[in-house]
Amino acid sequence: PSRSHIVTARWHKEVTTDMRFLIDAYSYLDQYSLVIVYDDQGSTTDEQSSAMQLLKQFEGLGLERVTFLLDGFQSFYRDFPFLCDSKGHWSEKERGQIETHPSSIIAGKLYQGNCEHARSERVFTDLGISHVVNVSSEHYNSFEKKAKYLKIPVLDEKDSTLLVYFERSTDFLMEALRVGGIARALHSRR
């Protein structure tokens, strides 16, 4: 995967930490909601690494939404190969067509997603989902032959209460983790 990168990343073959590049980069990086600095072989927290130097210089320019992918691209690729590709730059139209995946709560074990994730066969396949807590009264269990479900029929409204379901849903998730399952913690209309 040495030529691959994270799907929505703006990949640079070689990034230097000279100020001319950084000033040019600042003018367009500020438009992004988050800037993630990473290297190909596995980033290190060594203060002298080029990735760490770049991160510090971006922060010094005032970019507030900059973070560091601690274990680098290779580690990310190992855990999330379906979120990587080798196409290079994506157009805005292509970026809008990317299928998202649930948020990882416990790496490789527990995810939190929405109803679109719950209906996506690709998400179930990519993540190996085996258990789902379906927190909705509106949505059916999409993959009952592939996964075990706990249905919590609550309306997706701000006044709805989930407290009465915590013990039951926690027991379900703990059992999923105990047997080596991969769970999706929740989905709702959003």
Side-chain angles (χ1 to χ4, degrees), residues 5-9 31-38 43 45 55 59 63-85 90 92-190:
H5 60 94
I6 299 171
V7 168
T8 60
Q31 70 183 322
Y32 294 99
S33 58
L34 180 64
V35 175
I36 302 172
V37 175
Y38 62 93
S43 298
T45 54
L55 173 69
E59 289 172 341
L63 283 173
E64 295 177 7
R65 297 171 314 274
V66 180
T67 191
F68 188 70
L69 185 58
L70 185 61
D71 293 327
F73 174 76
Q74 296 299 324
S75 177
F76 184 88
Y77 181 84
R78 184 183 61 247
D79 294 339
F80 306 103
F82 48 86
L83 294 178
C84 301
D85 94 341
W90 290 64
E92 291 303 314
K93 181 180 178 183
E94 288 173 313
R95 292 164 73 96
Q97 296 171 348
I98 296 170
E99 184 173 8
T100 64
H101 284 64
S103 298
S104 178
I105 306 302
I106 300 173
K109 295 290 179 190
L110 183 63
Y111 300 90
Q112 180 179 350
N114 60 33
C115 64
E116 296 302 318
H117 300 136
R119 292 190 295 245
S120 169
E121 190 161 0
R122 178 173 180 201
V123 167
F124 270 69
T125 300
D126 287 348
L127 300 177
I129 302 294
S130 62
H131 294 70
V132 177
V133 178
N134 179 350
V135 183
S136 81
S137 59
E138 302 93 18
H139 298 288
Y140 60 92
N141 299 335
S142 299
F143 302 104
E144 288 185 323
K145 292 181 180 178
K146 293 183 177 185
K148 185 175 180 179
Y149 283 82
L150 172 63
K151 177 82 168 174
I152 297 179
V154 174
L155 292 174
D156 191 8
E157 297 175 354
K158 72 177 188 174
D159 294 337
S160 295
T161 182
L162 296 173
L163 289 174
V164 296
Y165 299 103
F166 274 0
E167 185 174 350
R168 196 164 113 204
S169 60
T170 300
D171 289 347
F172 179 82
L173 293 172
M174 293 304 291
E175 175 62 14
L177 295 173
R178 187 186 70 71
V179 299
I182 299 174
R184 257 200 68 258
L186 126 91
H187 74 77
S188 65
R189 159 174 73 190
R190 292 178 182 72

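Residue numbers count from 1 along this sequence. No experiment lies behind these values; they were computed from the predicted model shown.
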Evaluate the side-chain proximity of Y111 to I129: yes if any heavy-atom separation is below 4.5 Å, no if none is. yes

In Å, rounded to the nearest 0.5 Å, how long is the span from CG of L110 to CG of L127? 11.5 Å

Rounded to the nearest 0.5 Å, how far apart are NE2 of H117 and OG of S103? 7.5 Å

Testing the 3.5 Å rule here: is there a donor-acceptor pair between the side chains of R78 and S75? yes

With side chains defined as the heavy atoms from C-beta onward, is the minimum distance between E116 and T100 less than 4.5 Å? no

Rounded distance (nearest 0.5 Å) linking atom OG of S137 with atom NZ of K151: 7.0 Å

Name the orientation class of the two ring planes belonging to H101 and F82 (parallel below 30°, tilted from 30 to 60°, perpendicular beyond 60°). parallel

For the residue pair A176 and H131, what are the closest heavy atoms and their distance? CB-CG, 3.3 Å

Taking atom CZ of F166 and atom OG1 of T161, what is their separation to the nearest 0.5 Å? 7.5 Å

Between the CD atom in E175 and the CZ atom in F172, the distance rounded to the nearest 0.5 Å is 9.0 Å

Might you point out which heavy atoms bring A147 and F124 nearest each other, and give the distance in Å? CB-CE2, 3.9 Å

Over all heavy atoms of both residues, which pair between L150 and S169 is shortest? Give the atoms and the distance, please. CD2-CA, 3.5 Å

Nearest 0.5 Å please: distance from the CG atom of N114 over to the OG atom of S136. 11.0 Å

Minimum-distance pair of heavy atoms, taken over all atoms of R119 and S142: CG-OG, 3.5 Å

D171 meets the side-chain contact (heavy atoms from CB on, under 4.5 Å) criterion, sequence neighbours left out, with E167

Considering residues at least two apart in sequence or located in another chain, which fulfil the salt bridge (charged side-chain N to carboxylate O under 4.0 Å, His left out) criterion with K146? E121

Between F73 and C84, the two heavy atoms sitting closest are CE1-SG, 3.6 Å

Spell out, as yes or no, whether a donor-acceptor pair under 3.5 Å connects the side chain of Y149 to the backbone of Y140. no

Would you call N141 and V132 a side-chain contact if the rule is heavy atoms closer than 4.5 Å? no

